[in-house]
Amino acid sequence: MYKRVKGTKDILPPESSLWQAIEEKTRKVFARYCFYELRTPILEPYELFVRSVGEGSDIVLKEMYELVDKKGRRLVLRPEGTASVARAVIENGLLNTLPLKLYYLGPFFRYERPQKGRFRQFHQIGAEVIGDNSLEGEVELVDLLLSVLKEVGLDDLRVVVNSLGDVNERIEYTNALREYLAAYESKLSKDSRERLSRNPLRILDSKDPVDIKILEKAPSILDYLDKNSINRLEQLIFYLSSMGWKVESDPRLVRGIDYYTGLVFEVLACGDLSIAGGGRYDNLIEELGGKQTPAVGFAIGMERVVDLVDKNIIDEDSAKAVLVAFSDVPRMEVFDLLATLRNFIPTEVAPSYKSIGKAIKWASRRNAKFVIILGEQELSERTVKVKILDSGSQYTLKREELGAFFGGYYEKNMDRNAR
RNA sequence: GUGGGCGUAGCUCAAGUGGUAGAGCACUGGACUGUGGCUCCAGCUGUUGAGGGUUCGAGUCCCUUCGCCCACCCCA
């Protein structure tokens, strides 16, 4: 027996409907903000992520699915979206039409130990604003992020923001922090000790109680940011709060990907579950060979959203019909009637049972709203019987009358699918 | 990579200290042969995740292995 590979998932009905609903709703919000979809390949060159995410990052060091193709090219299954967007934007010459407001949605891959809300093949919804370094742009992006989450039915949302400053500010702060922590080196947790030389900022994220105690008196990034950076962060908080969002600043918020500069943020739902994150990356595009171009973006973890979302955002099961045809009805008549019915309502045929009762039972188990009965009698009269399962009432209709009968349902259901 | 929990029918789960693998749901048929939901009756479903060991005898004890879940790490 074959099994799905570790960390992957089959999304079955009815859960797949939930995924569809979330995707549809987010696309609608993106459209309202005039963001357009960019679809990039799942396969990317290995080097792209070494350059962008950072060669010392965990993602590159141990989490990428790498493969070598038949010509010896070193490829990876994309572990995140921003680098691909940057690559595509540069490669297709879109830097001449700034600003760009793009979104994407799809599978990503990281070789990690699976756990709640985390898979090896996971799905992100992301957006990037490229070629805009304004405060307004940041406000809009975070507002967009929260609007998407709200649209899919998430309510208890909170966004935490911080600034990592520019390159110089960050280096200065990193040094100060390292110096402070070095004094406590022997008391720090094992993980934190390892990070002390490589990436002391990450220690700020530690959940070890002793570390947290030590960090209480550690220097704050806020002391190393210039007035403009701080001002800007405060304004961002002000505007977003005025829009009704819950925003707070946390000088300890850092992100694990190297390309972030300036603003970083994270969205927490239902208390402290992190479901989305992002930030500004003003140097990435230049780093990847484009001209210097500022940019901000975010990514939402689909699996985490699916976990939290109220399952009943799925549109109530759209009405459908089951055709029950007696076994002596010529098959061509059955196909013909099916085709007619399907112009008006989603329809499937019941398997042939000995008794019509079984067939109706089958239909009701399948949640059909209507049962269409076609037997010898109906055949000779060119009619069908339409039974409404909820009420049990039944009508004899001529075939030409079917359209009118299902007209109301047609508009309600087909319309929705078309959208 | 580290630590913990768990693998028994399609699903949810039983099976005191080792002693004939079971129930509910689901499914199929019948009571009811052109009209569902209720009820009753009958039937179907298994290398107990896999491999090895101890034993007269292992779902149960021991070892190995695989898988799933959870936490850490990291991140969405």
Residues, nucleotides or ligands: over 12 heavy atoms within 6.0 Å of A/R170 CZ: yes
Stepwise salt bridge (charged side-chain N to carboxylate O under 4.0 Å, His left out) test for A/E112 and A/R118: CA-CA 8 Å; A/E112 296 180 277; A/R118 195 173 64 198; 3.5 Å; yes
Integer-rounded Å distance: B/G7 C1' and A/K6 NZ: 14 Å
First of A/R304 and A/G7 reached from the 5' end of RNA chain B, by closest nucleotide: A/G7
Sugar-phosphate only, base, or nothing, as touched by A/R118 at under 4.0 Å among non-hydrogen atoms: base
Sidechain N-carboxylate O distance under 4.0 Å for A/E23, A/K28: no
Between B/U64 and B/G5 - P atom distance, rounded Å: 15 Å
Shortest non-hydrogen separation from A/V76 to A/P45 and the atoms involved: CG2-O, 4.2 Å
Stems involving RNA chain B, each a run of at least 3 consecutive Watson-Crick or G-U pairs under 3.5 Å: B:1-7 with B:66-72, B:10-13 with B:22-25, B:27-31 with B:39-43, B:49-53 with B:61-65
Carboxylate-amine/guanidinium contact A/E378 A/K398, below 4.0 Å: no
Between A/E15 and A/W19: side-chain donor-acceptor atoms closer than 3.5 Å: yes
A/Y353 OH - B/G30 C1' separation (whole Å): 15 Å
d(CD, A/E303; P, B/A76) in whole Å: 13 Å
Phosphate-side-chain proximity, A/K116 and B/C69, N/O vs OP1/OP2 below 4.0 Å: no
Distance, rounded to the nearest Å, where A/L145 contributes CG and B/A76 contributes P: 12 Å
Same-atom distance (P) from B/G46 to B/G22, integer angstrom: 13 Å
Contact letters for nucleotides 32-51 of chain B, in which S counts primed atoms plus P, OP1 and OP2 and B counts the base, heavy atoms under 4.0 Å: --BBBB--------------
Distance-only donor-acceptor check, side chains A/S84 and A/Y104, under 3.5 Å: no
C1'-based separation of B/C70 from B/G57 [nearest Å]: 37 Å
Rounded C1' spacing from B/A26 to B/G43 in Å: 14 Å
A/Y46 vs A/M64, side chain to side chain contact (heavy atoms under 4.5 Å, CB included): CA-CA, chis, key distance, verdict: CA-CA 9 Å; A/Y46 172 85; A/M64 289 206 292; 3.7 Å; yes
Between the protein and nucleotides 8-11 of chain B, are there any N/O to N/O pairs under 3.5 Å, and if so, what are the atom names and distances?
none

A/L149 CG - B/A76 P separation (whole Å): 14 Å
Ion pair A/E47/A/R74, N-O distance below 4.0 Å: no
C1' atoms of B/A14 and B/A23, separation to the nearest Å: 7 Å
Side-chain donor-acceptor pairs under 3.5 Å in residues 234-245 of chain A, sequence neighbours left out?
from, atom 1, to, atom 2, distance (Å)
A/S241, OG, A/I237, O, 2.6
A/S242, OG, A/F238, O, 2.7
A/W245, NE1, A/D143, OD1, 2.8

C1' atoms of B/G7 and B/U12, separation to the nearest Å: 15 Å
Gap in Å between the two P atoms, one belonging to B/U8 and one to B/G59, rounded: 15 Å
Pairs flagged by side chain to side chain donor-acceptor pair (under 3.5 Å) wherever residues 273-284 of chain A is involved - sequence neighbours left out: A/E128-A/Y281, A/E138-A/R280, A/E266-A/S274, A/R280-A/D282
Sugar-phosphate, base or nothing in reach of A/G278, heavy atoms under 4.0 Å: nothing
Interatomic distance, A/K3 NZ vs B/U65 C1' [rounded to whole Å]: 13 Å
Any side-chain heavy-atom pair of A/V53 and A/T82 under 4.5 Å: no
Nearest-Å distance for atom pair CG/P, residues A/L204 and B/C75: 13 Å
Short side-chain N/O contact from A/R365 to OP1 or OP2 of B/C27, under 4.0 Å: yes
Centroid-centroid under 6.0 Å between A/F30 and A/Y103 rings: yes
Contacting residues from residues 104-115 of chain A, given that a heavy atom lies under 4.0 angstrom of RNA chain B: A/R110, A/E112, A/R113, A/Q115
Whole-Å distance separating the NZ atom of A/K62 from the C1' atom of B/C73: 6 Å
B/U47 versus B/A58 - spacing of their C1' atoms, nearest Å: 15 Å
Reference residue A/Y111; test ring-ring contact (aromatic ring centres under 6.0 Å, His included); the match among A/F122, A/F119, A/Y65: A/Y65
A/K150/A/D155 under salt bridge (charged side-chain N to carboxylate O under 4.0 Å, His left out): CA gap, chis, key distance, verdict: CA-CA 6 Å; A/K150 189 178 173 193; A/D155 242 338; 6.0 Å; no
